[in-house]
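Quick note: residue numbers are just sequence positions, from 1.
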Amino acid sequence: ACIVRCGWQLSHLYIDDLPPELPEGVVRMANHCSILNRSMARELLRGSDDLLDATSDVFAHELVAMRHRNFTMFPPISYDLSFAMRIPSTIRPKGADGDDPEHASAVQKALRADPRKIRAWAK
């Protein structure tokens with residue numbers, strides 16, 4: 001099983017004059033742009049009904065990918081438009097024009113840590 005992370009939220013890492021590299025085991029939350037093979041797709045689906053109690057990026061990139069071959073592309077080739085403040089986010093508003101203030105408030109309230117939902121995974 002293998003996954004390659006190709007892009008994440010916009011940051012200074014997008015301005016990179018260094019030669020491209022593909023280090024193994026460097027985690028970035030790359031939901032919108034990743035390459036994976038069929039066996040990684042199976043691993044992400046296996047047990048997701050029972051284990052998926054966090055956001056999909058934490059599940060995919062920190063819990064599942066780290067048990068398999070995983071790489072991150074530098075410099076990244078794409079970025080998340082909502083983090084770049086180019087479009088409003090309907091999932092987790094970030095203050096872009098067009099974000100729903102009521103939804104942003106509800107999301108902020110829901111982000112508080114709930115001790116009953118905290119789990120530890122053994123490696």
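Under the rule for a salt bridge (charged side-chain N to carboxylate O under 4.0 Å, His left out), the partners of Glu24 that lie at least two apart in sequence or sit in another chain are Arg69.
Contact annotation: the side chain of Pro23 approaches that of Phe74 to within less than 4.5 Å [non-hydrogen atoms, C-beta and beyond].
Residue Pro20 comes nearest to Pro75 through the heavy atom pair CA-CD, 4.1 Å, listed as atom of the first residue, atom of the second, then distance. Minimum heavy-atom separation, Ala65 to Asn70: O-ND2, 3.2 Å. The minimum heavy-atom distance between Ala1 and Ser39, with the atom names listed, is CA-OG, 3.0 Å.
Atom-to-atom distance recorded for Cys2:SG and Met40:CE is 6.5 Å, nearest 0.5 angstrom. Interatomic distance, Leu44 CG to His68 NE2, rounded to the nearest 0.5 Å: 8.0 Å.
Of the options Met66, His61, Glu43, a side-chain contact (heavy atoms from CB on, under 4.5 Å) to Ile3 is made by His61 and by none of the others.
In terms of modelled atom types and a separation under 3.5 Å, the side chain of Thr72 and the main chain of Arg5 share no donor-acceptor contact.
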